[in-house]
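The structure appears below as structure tokens.
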Amino acid sequence: MPDFVRSARQTRGILCLAIVVCAWVAGCASWRGTEPVIENQFVVHYNRLAESMAAPNPELQPQAPAPMMGPGRKLVPPSSEDRWPITLAEAVRMGVENNAVIRQNAQFMSPNNPILQGPDSVPSVFDPGIQNAGVLFGSRGVDAALSDFDPRLTSSIKWNRSENAQNSLLLPPPGNVLASEGALFQTRFDQQLLSGGVFGLYNTWNYAQTNQPAQLFASTYTGQLGFDFRQPLWAGAGREFSAIAGPLDQRARGFSYVNQGIVIAHINKRLSEIDLQENLQNLVREIGDLYWDLYQNYQDYESETQASKIAKELWDRAVGRANIDPGIEEAQAEDAYYESKSREELALSNLFLTEARLRRLVGLSLDDSRMLYPCDEPREEELSLSRATCLYEALVNRIELSRQKLNVQSLELQLIAARKLVAPKLDFVAGYGLNGFGDKFYSTTTSDSMNTRQGFNSAVTTMFSGKETSWDFGFQYQLPLWLRQEKAQVRQLELRIAKGRAALAMQEDEIAHELNTVLMTIERAHSMSKLTRRRLQAARRRVIAAEADYEAGNKSNDLALRAISSLTLAQAAYSKSITEYNKSLRDLLFRTGRILPADGISLLGTDGLPMVPDERPNDFFYLANPDLTPAADGAETADETDESEIPPTPSRSVSGADDLDEDLPESMDNSVEDE
């Protein structure tokens with residue numbers, strides 16, 4: 001028998017050693033990075049489940065139906081019936097309504113178009129709501145910041161049983177098994193206070209039953225009902241700190257924990273609304289630029305069309321006069337015609353491309369056969385602008401300055417909270433409780449038993465009798481020596497505030513330079529419009545003279561062809577200068593931060609309050625600025641010609657231009673045909 005026992009023990013030892021060696025080898029193989037010999041079937045199963053869940057969902061569809069390409073544009077002149085007259089206000093309204101995710105004109109056709117490469121980073125109308133509902137550390141929304149002060153209820157209940165043999169001769173019989181059963185119920189209600197303190201109510205019940213001898217009761221109920229309170233008195237104390245940084249006990253070491261409060265959350269919400277406002281401003285500005293670009297493309301196309309017609313007429317005349325003209329005149333006229341025809345098709349192509357870009361920005365579909373046609377008349381009058389008033393409007397309304405001021409304000413508030421942490425942590429703590437004990441949890445019976453006479457029949461009754469109580473109060477003190485991290489945070493915030501204020505001053509100076517450039521651009525564009533109008537007038541007279549010379553018997557049509565080309569260029573230069581003038585006026589609205597209210601756009605924040613101040617009743621550009629008024633009648637400079645002498649914009653009727661049309665030959669009147 002001993003040999004058998006000895007052999008069994010040796011076998012068991014060898015088995016244990018083998019298990020240890022296998023575990024060691026497997027662990028070393030895993031440490032070296034080799035694949036395990038025996039796969040974990042749980043891991044394999046979980047991986048298969050994850051792969052099936054991560055597979056693309058074929059049923060996932062976008063919010064809107066798939067777009068339609070439509071028949072597309074042919075390089076044929078659009079008919080007047082296919083034109084869709086649209087004002088700039090209507091284009092802006094459609095663009096704002098149809099761009100929940102805001103497009104950018106500059107990113108179109110780019111390989112790095114964020115709409116295709118990173119749609120999550122594209123600005124949208126959902127961003128303020130997303131920020132306001134943020135829960136991540138450092139970018140919490142208002143609801144997440146307010147949740148720090150919501151009451152918290154925690155409750156738990158556990159049952160247990162234990163049996164243990166007793167190594168004692170005193171407990172009969174020898175080797176007696178001590179058995180115990182129990183249950184533990186805990187409930188706690190905590191309320192965070194804005195002062196930084198925490199108030200809690202708690203209730204615990206513990207049931208215990210045992211066969212241990214010398215016990216008053218075989219089973220007992222013990223419990224406590226009470227409250228406790230902790231209030232910071234030094235570091236992190238006060239309503240101001242909690243509102244800025246959030247409760248002190250929820251900070252995370254190694255992170256900035258002074259930007260989690262309700263005040264910072266409201267500032268972050270306002271910053272997200274400013275970002276949306278800025279992106280909408282950019283969208284409205286790009287729509288306005290494309291609107292006037294499309295207007296210019298229409299004018300260029302009309303000019304090239306009229307030039308092609310005139311060149312064709314001269315070619316036909318050269319063919320009819322072949323008996324008196326050399327062949328070079330006919331070839332020159334044919335060459336001029338095809339050159340003008342190629343420019344006409346190029347202008348038509350540019351017209352279609354610009355219309356497609358504008359259609360994209362305003363959110364219109366491609367299957368619409370109508371052509372957007374700007375019907376707003378461009379401004380041509382000179383404006384008397386006050387540089388000081390423009391600067392005042394920009395410094396008050398530019399959202400870049402508002403964003404920077406909010407950032408500096410947030411940093412200053414965080415600095416206040418950070419300075420409150422450069423101090424020892426001293427807390428006042430207090431608590432009070434009612435203790436309960438009894439053979440039963442609750443009982444109303446009155447018997448002559450021992451536990452009834454001693455008042456231990458009911459644990460609930462004992463608790464609320466107030467005979468057994470507990471209380472404590474005192475102070476807790478904690479001091480991280482040298483407070484290195486807290487002081488570093490204060491220093492960093494001070495430097496960030498200094499940088500923010502310097503950047504704010506630089507921004508204001510940059511805005512002043514922007515306004516100076518825009519005002520110079522407006523003055524230059526208006527001056528160029530006057531010069532190009534005079535050039536257009538001279539080009540018209542040149543065409544009239546060349547046509548008369550050709551009709552008088554001059555065999556060469558070179559002067560007439562050159563005059564036609566010069567007239568086309570003059571018409572294009574005039575429409576370009578007018579377009580640049582109106583775009584620069586829109587740019588001034590953008591640089592002064594008033595482009596949204598000028599276009600009648602009102603934005604509401606997540607709280608329902610307006611994000612943009614209401615526009616005051618005045619001209620769309622002058623925005624209640626008495627200095628920003630049009631030049632009075634007769635206030636033009638002495639070198640300006642009378643409006644009646646200024647030729648009309650191509651395909652646009654201008655008052656007083658009929659006298660120029662009367663002097664043109666019949667073959668040339670199509671070039672100045674009013675719409």
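The structure presented is a predicted model; accordingly, all values stated were derived computationally and were not measured.
Note that CD of E273 and CZ of R403 are 12.5 Å apart. Values are rounded to the nearest 0.5 Å. With rounding to the nearest 0.5 angstrom, the CG atom of L136 is 9.5 Å from the CD atom of Q131. Note: L519 CG to R387 CZ = 5.5 Å, rounded to the nearest 0.5 Å. To the nearest 0.5 angstrom, R379 atom CZ is 9.5 Å from W292 atom CH2. How far OG of S242 is from CG of D148: 9.5 Å, rounded to the nearest 0.5 Å. Atom OG1 of T389 sits about 11.5 Å away from atom CG of L515, to the nearest 0.5 Å.
Proximity of V429 to D228: side-chain heavy atoms (C-beta onward) are nowhere separated by under 4.5 Å. Side-chain contact between F428 and F475 is present, with heavy atoms from C-beta onward closer than 4.5 Å. Contact of the S470 side chain with the Q224 side chain is registered, since non-hydrogen atoms from C-beta on lie closer than 4.5 Å. With a 4.5 Å cut-off on side-chain heavy atoms, F590 and N282 count as touching. The shortest distance between side-chain heavy atoms of T521 and E580 falls below 4.5 Å. Here the side chains of N582 and D376 are not in contact, with every heavy-atom distance at 4.5 Å or above. Residues N98 and V362 form no side-chain contact, since every pair of their non-hydrogen atoms from C-beta on lies 4.5 Å or further apart. Counting heavy atoms from C-beta on, the side chains of R398 and E514 come closer than 4.5 Å.
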Handout entry: Trace of the side-chain contact (heavy atoms from CB on, under 4.5 Å) decision for L406 with Q409
Key = CA-CA 5 Å; L406 279 176; Q409 179 184 355; 3.6 Å; yes
Practice task
List the steps and the verdict of side-chain contact (heavy atoms from CB on, under 4.5 Å) for E508 and Q404.
Solution key: CA-CA 11 Å; E508 292 180 347; Q404 185 63 16; over 6 Å; no
Exercise for the section: Test side-chain contact (heavy atoms from CB on, under 4.5 Å) on C390 and R591 and set out the steps. Expected result: CA-CA 9 Å; C390 291; R591 302 295 174 181; over 6 Å; no
Exercise for the section: Start with the C-alpha distance between Y581 and L383, add both sets of side-chain angles, then the distance that settles side-chain contact (heavy atoms from CB on, under 4.5 Å), and finish with yes or no. Expected result: CA-CA 11 Å; Y581 181 60; L383 302 178; 3.8 Å; yes
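A side-chain donor-acceptor contact under 3.5 Å links S410 and Q414. T354 and D293 share no side-chain donor-acceptor pair at under 3.5 Å. Side-chain contact annotation: Q476 with R230, donor-acceptor N/O pair under 3.5 Å present. Between the side chains of S124 and D127, at least one donor N or O lies within less than 3.5 Å of an accepting N or O. With no hydrogens or angles considered, no side-chain donor-acceptor pair links N105 and R360 at under 3.5 Å. When only modelled atom types and interatomic distance are considered, S110 and N112 share no side-chain donor-acceptor pair under 3.5 Å.
Summarising the geometry of G288 relative to L88, their closest heavy-atom pair is CA-CD1, 3.7 Å, with the distance given to 0.1 Å. L421 approaches G236 most closely through the heavy-atom pair CD2-N, 4.1 Å. The two residues K583 and D289 have their closest heavy-atom pair at CE-OD1, 3.9 Å.
At most 12 heavy atoms of other shown residues, nucleotides or ligands fall within 6.0 angstrom of atom CE in M528. No more than 12 heavy-atom neighbours from other residues, nucleotides or ligands sit within 6.0 angstrom of CZ on F42.
Here the side chain of Q231 pairs no donor or acceptor atom with the backbone of V198 at under 3.5 angstrom.
A salt bridge (charged side-chain N to carboxylate O under 4.0 Å, His left out) with D599 is found for one member of R586, R93, R594 and no other, namely R586. Results of the side-chain contact (heavy atoms from CB on, under 4.5 Å) test with I287 over V96, N99, L358 single out L358 as the only residue that passes.
Using bins of under 30°, 30° to 60° and over 60° for the plane-to-plane angle, the ring pair W471/F473 lands in the parallel bin.
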